[in-house]
Amino acid sequence: MQIYKTIPPSLTKEEVCAIDTELYGLPRHQLHRPNQGHFASMQVCFDGKSVYVTQNETDVPKFMKAISKATHLFHNASFDIRHLRRWCSYPDKKDMFDTLILERILWGGYFDSFGLKDLARRYLDILVSKAEREEFATQETMTPEMLTYAATDALLTWQIFQKQKTFMRPEDLHIWNNLDKPALYAILDFKGMPMDKEKWIKLAQDNKQKAEEIQASLSFNLNSPKQVLEALHKMGIKKIESTEAKTLAQFSQYPLVSNILLYRTLNKRASTYGLDFAERYIEANNKVYSDYDVTMASTGRMSSSDPNSQNLPSEKSYRECFIAESGHEIVVLDYSAQEPRITAYESGDSTLLEALQNKKVDVHTAVTRDIYDDQTIKKSDPRRHFGKAMNLGLTYGLTATGLRRKLYEEDGIEMPYEQAEELVSKYFRKFSKVKYWIDQIRKFGERNGYVQTHSGRRTWLNRYNYHWLNNACNSPIQGGAADVTKLALARFRSDCQKANLEFPVIAVVHDEFVLHVPKELLETYTKIAETAMVEEAEKLYTGVPFEVEIKHGRSWACKVEEEETLTQL
DNA sequence: GGAGACGGCGCC
DNA sequence: AAAGGGCGCCGTCTCC
C-alpha cells in the first residue's frame, strides 16, 4: 500500500473510488451525531493500491471535487456522508455503493457479522485488527499506526467491492438502487424529535422511586433472574425454570410474584426509558436524534439505535413526551394491516383479498366473519380477537399452542387447546390458498436455502434453527413490508423535494411514519405522504388495496382523525 | 476491569 | 419437547 498525502488526481466517471473518514472524540452512543467529535482524516483509494490521505478538514472539498465524477464506495455510507456534510456538500449521488448494506442484501441471514474486517476475511482472506479504531475516540493526533489503519480501511473497501460485485444478481442491484440507497438518503434527512424533557424526567423519577420501594422491601436482587428464581423456589413454586413474565403470570395469585411483575415494568421504564436516556440523548435544543440503519434486519427491515425510537413505550404518557414545537403538529401515518395485505398478494387468496377490500369493516373483523361463516359478527364481538391473532400470527408459523398463548397474553383470553386447534384448521379451510402458499414457500426454502420478497430481496435460512422454515414464510412478508416502507419513504422525500418542501420525517417505526410539520402545511404534507404510501404499496403489490391511517395532534399520542370525521358526520 | 453471553422486555 | 418472526437496550454474571 502506497500512501500519498496530496490531493488525488481528477477521476473520470468510469473510475471507482472508496472513501473513508475518521473522527476524533466521538462519544460511544453518538457516533452518528454531526455536532460531536471533530475531523481526523479522510482517505480515498481508486486503484486498490494507493491511498490519498488528508488530516486537514479544509482539504475535504478539494478531495471531493477531484473524485466527484467517479463511482463512490463506502463501508457504512450513512456514517461517512453524515459527517462529510459538515465540511462539504454531498448531494444524493447515484453512483454510490455501500459495501455494508450490499453485504446484508447479499448475505442477510447467512452471515451475522458485516464489519469491514469480517468482509476482509471472507472476500480477501485478510485478517485485520480494529484495535486502532478505538484510539480515535480518545486521541487528538494520529500515530503512524492510526494513519495506516485509516488508509487500509479505504483500500480494503475498494478491494472488497471488486469481489463482492461478482456475487450480485440483478435483483440485488435493484434492491440497492431502488430501495435501500434512496431510503439511506432519506434517513440522512430525518429531523430530530422534539421532546418535553421535564415530563420525561418526571415519569422517570416516579417509576424509579416506585421500583426502588419494591426492591427495598425484598432481600434479593430483583434484577437478577437467578436470585428471583431461587426466591420463588424457596417460597414453594418449584416447577418453574424461567422467571420471564409469561411464566410468572401463571402464579400471579402470589403477592410476591405480582410484585416482581410490577417491578419489572417499573424498572424497564426507569432504566431503558429513564434518566440516562434523557441525559444521554435529549440534546440542548430538547431534540432526540436516533440513528437509523436501513438494512439491519436479515429480512430487510430498518432498525434504530442511540436511542432506539422504534421500541418506545406505546403508553400515552410516554408518547406525550414527543411534542410538536409551537406552530407545528405531529402527524402519524401508519399502514393498516400492512402484512396481511402482502400475504393476500403472495397467496392470491380471493377470500382474504375480499376481506381486505371490504371498506365497511376492518380486516380483523372481516376475517373473523369468514372463519365463522357469520357475516353478522361485529367489531365488538369477542371472537374478533381470534381473527386478529390469526391475521398477525399465521405467517410467523403460528400454531394452536402459540395462538393460545398470544390470546392469553394480549387479551387475557383462556382458550382450550382443542378449540385453538379447531380455529387454526378452520382458518386454513377458509383461506385455503394461504395454506397452500405457506406450504409452497416452505418447500422452496427447504430446497433452496433462501426465500425472497416480491422485490427480490433475499433472506438466507438457517437450517440449524429448529423452526427455520417459519422464516421461510415470515421473511417474504416482513421483508415485503419493509420494501414497501422504503419505497414510500423515498417517494415521499422526492415528492417533498419537487414541491420545494422540507422533509418532515422525525421517525419511522416499520409501518408508521411520524412527521413534524408547520400547522399551515398540515394538509399539504398529509396528502403527499398518504399518496406516496398508498401508491408505492399498490404499485408493488398490484391488485391489493392499501390503506393508511392518519392521526395528528400536539404529540405522538395524537388522537385519531377518523374519530373527528365520524362525529362530524 | 472490559467483553461477551444471557435473561428479560420494550416495539412492530 | 420444542410455545410464530424481526430488532436494541438494560442489568447480571462469567470469563479472561
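By convention in this document, chain letters (A, B, ...) are assigned in the order of the sequence lines, proteins followed by strands, and residues within each chain are numbered from 1. Values in this document were obtained by computation on a predicted structure and should not be read as measured data.
- Contact annotation for A:S475: no contact, since no heavy-atom pair falls under 4.0 Å across all strands.
- Both cation-pi conditions hold for A:R383 and A:Y372: the charged atom is under 6.0 angstrom from the six-membered ring centre and inside a 45 degree cone around its axis.
- Nearest nucleotide to the A:Q478 side chain, out of C:dA3, C:dG6, B:dC12: C:dG6.
- A donor and an acceptor atom, one from each side chain of A:Q209 and A:Q205, are nowhere located under 3.5 Å apart.
- Counting any heavy atom pair closer than 4.0 Å across all strands shown, A:L312 reaches sugar-phosphate atoms only and no base atom.
- A side-chain donor-acceptor contact under 3.5 Å links A:S336 and A:R341.
- Under a 4.0 Å N-O distance rule, the pair A:D206/A:R269 does not qualify as a salt bridge.
- Contact annotation: A:T247 side-chain N/O to C:dA3 OP1/OP2 distance is not under 4.0 Å.
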Per-pair distances, 0.1 Å, donor-acceptor, side chain in residues 433-446 of chain A, under 3.5 Å, sequence neighbours excluded:
unit_1: A:R442; atom_1: NH1; unit_2: A:N470; atom_2: OD1; d: 3.3

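- Taking side-chain N and O atoms only, A:T299 has no distance below 4.0 Å to OP1 or OP2 of C:dG6.
- The shortest distance between the side-chain N/O atoms of A:S242 and the OP1/OP2 oxygens of B:dG8 is below 4.0 Å.
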Show each protein N/O and nucleotides 3-6 of chain B N/O combination with a separation under 3.5 Å, one pair to a line.
none

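- A:S290 and A:Y281 share no donor-acceptor pair across their side chains, judged by distance under 3.5 Å alone.
- Listed pair A:R264 / B:dC9 meets the phosphate criterion, a side-chain N or O lying under 4.0 Å from OP1 or OP2.
- Straight-line distance from the CD atom of A:E244 to the C1' atom of B:dG10: 14 Å, rounded to whole Å.
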#### Entry: Worked verdict on A:R404 versus A:E421 for salt bridge (charged side-chain N to carboxylate O under 4.0 Å, His left out)
CA-CA 9 Å; A:R404 287 183 72 211; A:E421 220 175 14; over 6 Å; no
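- Within the 4.0 angstrom heavy-atom criterion, only backbone atoms of the sugar-phosphate kind lie near A:G402; the bases stay farther away.
- Residue contacts for A:A245: at a heavy-atom cut-off of 4.0 Å it reaches the sugar-phosphate backbone alone, with no base atom in range.
- Atom CG in A:D334 sits roughly 9 Å away from atom P in B:dC12 (whole-Å rounding).
- Nearest nucleotide to the side chain of A:T265, out of B:dG10, C:dG5, B:dC9: B:dG10.
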Protein heavy-atom contacts under 4.0 Å, written 5' to 3' over nucleotides 8-16 of chain C as B (base), S (sugar-phosphate only) or - (none), form the string BBSSSSS--
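- Among the nucleotides B:dG10, C:dG5, C:dC7, the one closest to the side chain of A:N471 is C:dG5.
- A:R429 and A:E422 are joined by a salt bridge, as a carboxylate oxygen and a charged side-chain nitrogen come within less than 4.0 angstrom of each other.
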